[in-house]
Asker: 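Quick one: the structure is below, and I'll ask about it shortly.
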Protein chains: 2
Amino acid sequence: MVKTVFEKSDAIPLLAEAFRELGYEGATLSSITARTGLSKGSLYHFFPGGKEEMAEAVLDHVDCWFIAHVFQPLEEEEPGAAIAGMWQAVDAYFRAGQRVCLIGAFALDETRDRFPQAINRYFVRWISALAGALIRAGKDEKTATQLAEHAVLGIQGALVLTRATADGKLFTRALERLAAVLEI
Amino acid sequence: MVKTVFEKSDAIPLLAEAFRELGYEGATLSSITARTGLSKGSLYHFFPGGKEEMAEAVLDHVDCWFIAHVFQPLEEEEPGAAIAGMWQAVDAYFRAGQRVCLIGAFALDETRDRFPQAINRYFVRWISALAGALIRAGKDEKTATQLAEHAVLGIQGALVLTRATADGKLFTRALERLAAVLEI
DNA sequence: GTCTATACAGTGATAGAC
DNA sequence: GTCTATCACTGTATAGAC
């Protein structure tokens, strides 16, 4: 059986899922080969820097997705629609809480110290993009920043609690509540 | 040099800090021996079940702390004072966000599946204790449960964001905002 | 009760055949 | 570009001296 064409970009979503579910330390090369169907040799061909380069590629991939689907709309589109779109995108991306935030999970342990800029950048841009939309929607700067911080933090917390309690409806319920707080 | 008396209970806070900072997979026996000053032999003497038993002991220790300092006060004392005490205890326990929630961190990766009951129990009790206090303070049951969920999830999210952004003031600021939401 | 020595599986990573 | 074979090393865990 000959392996068909398989590009680096095809591997990244599978790598992302591995790191998301197992964590950086927990995602061993064995588990990664099993999930991607690629041998270690192929993985090192695509990512000469090994596991760390794989994680960097995954972080970049996640960041790009959020820029395209969340941050840029918040920064450029009509604020009401962009914010509504954010809640939709977030619920879909995190599969109603069944999927964890890779970057949030990396932030919690010493993995953060491997990728500090990538982790920081993601959250800072999310908060500032949302704050910007809230300002364009009429909030003053201080309130907008606080509300944005509150919303982003709430999403991360909802992911933790959804997994911890195994309550499948918690996430979507939390998003609705967070969306309501933004209206205050 | 003779090792002085060192009880199992003395090791647990050090183990807790190791798991908290490094994660379950990241906390290797080498790092644990370095942090506790106990050799592998001694560790296995105290915890014959190895790393898993160490983590169980730590989870139990954390749970007991929260029962004594947070859950029971919420369940038994005057609600206003108990809730105010909760915010104080949380800010102190998590060192204004410099310290991560071990149980929340465990919830995010496959470590959850090792200790599902302990993780679930902690968060369920926290939410129900807080909801109970809110009910005694005059909220209706549905509102109280939602607000309690919102508060606990906010704490977890604030821990993620504090570490991610390295903004030392974020955590305390978030707690103030979360406390304000409970008043609504 | 504490340690050192050790077993042995699994780790990330590399070399080289095809 | 993909694989297998293999490397040196670290992982958890155990045995046994003191």
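Residue numbers begin at 1 in each chain, while the letters A, B, ... track the order of the sequences.
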Asker: Can you pull out every salt bridge (Lys or Arg N to Asp or Glu O under 4.0 Å) where at least one residue sits in residues 23-49 of chain A? Sequence neighbours excluded, please.
Answerer: Glu21(A)-Arg35(A)
Asker: By side-chain hydrogen bond (donor to acceptor under 3.5 Å, both in side chains), which residues pair with Glu75(A), not counting sequence neighbours?
Answerer: Arg125(A)
Asker: Return the set of residues passing side-chain hydrogen bond (donor to acceptor under 3.5 Å, both in side chains) with Ser128(A) (not counting sequence neighbours), or none when no residue passes.
Answerer: none
Asker: Give the table of side-chain donor-acceptor pairs shorter than 3.5 Å for residues 55-67 of chain B, with sequence neighbours excluded, one pair per line with atom names and distance.
Answerer:
| residue | atom | partner | partner atom | Å |
| --- | --- | --- | --- | --- |
| Asp63(B) | OD2 | Arg121(B) | NE | 3.2 |
| Asp63(B) | OD2 | Arg121(B) | NH2 | 3.3 |

Asker: Rounded to whole angstrom units, what separation is found between the CG atom of Leu38(A) and the P atom of dG12(C)?
Answerer: 16 Å
Asker: Check this for me: does any side-chain nitrogen of one of Glu149(B) and Arg173(A) sit under 4.0 Å from a carboxylate oxygen of the other?
Answerer: yes
Asker: What residues form a side-chain hydrogen bond (donor to acceptor under 3.5 Å, both in side chains) with Asp113(B), not counting sequence neighbours?
Answerer: none
Asker: Taking only heavy atoms on the protein side, list every residue of residues 40-51 of chain A lying under 4.0 Å from any atom of DNA chain D, sorted numerically.
Answerer: Gly41(A), Ser42(A), His45(A), Phe46(A)
Asker: Just to be sure I understand the geometry, which residues of residues 13-30 of chain A put a non-hydrogen atom under 4.0 Å away from DNA chain D?
Answerer: none
Asker: Quick one: side chains of residues 92-107 of chain A, donor-acceptor pairs under 3.5 Å with protein atoms, not counting sequence neighbours, listed by atom name and distance.
Answerer:
| residue | atom | partner | partner atom | Å |
| --- | --- | --- | --- | --- |
| Tyr93(A) | OH | Arg20(A) | NH1 | 3.4 |
| Arg99(A) | NH1 | Tyr93(A) | O | 2.9 |
| Arg99(A) | NH2 | Glu17(A) | OE1 | 3.2 |

Asker: Enumerate the ring-ring contact (aromatic ring centres under 6.0 Å, His included) contacts for residues 156-184 of chain A, please, sequence neighbours excluded, ordered by first and then second residue.
Answerer: none
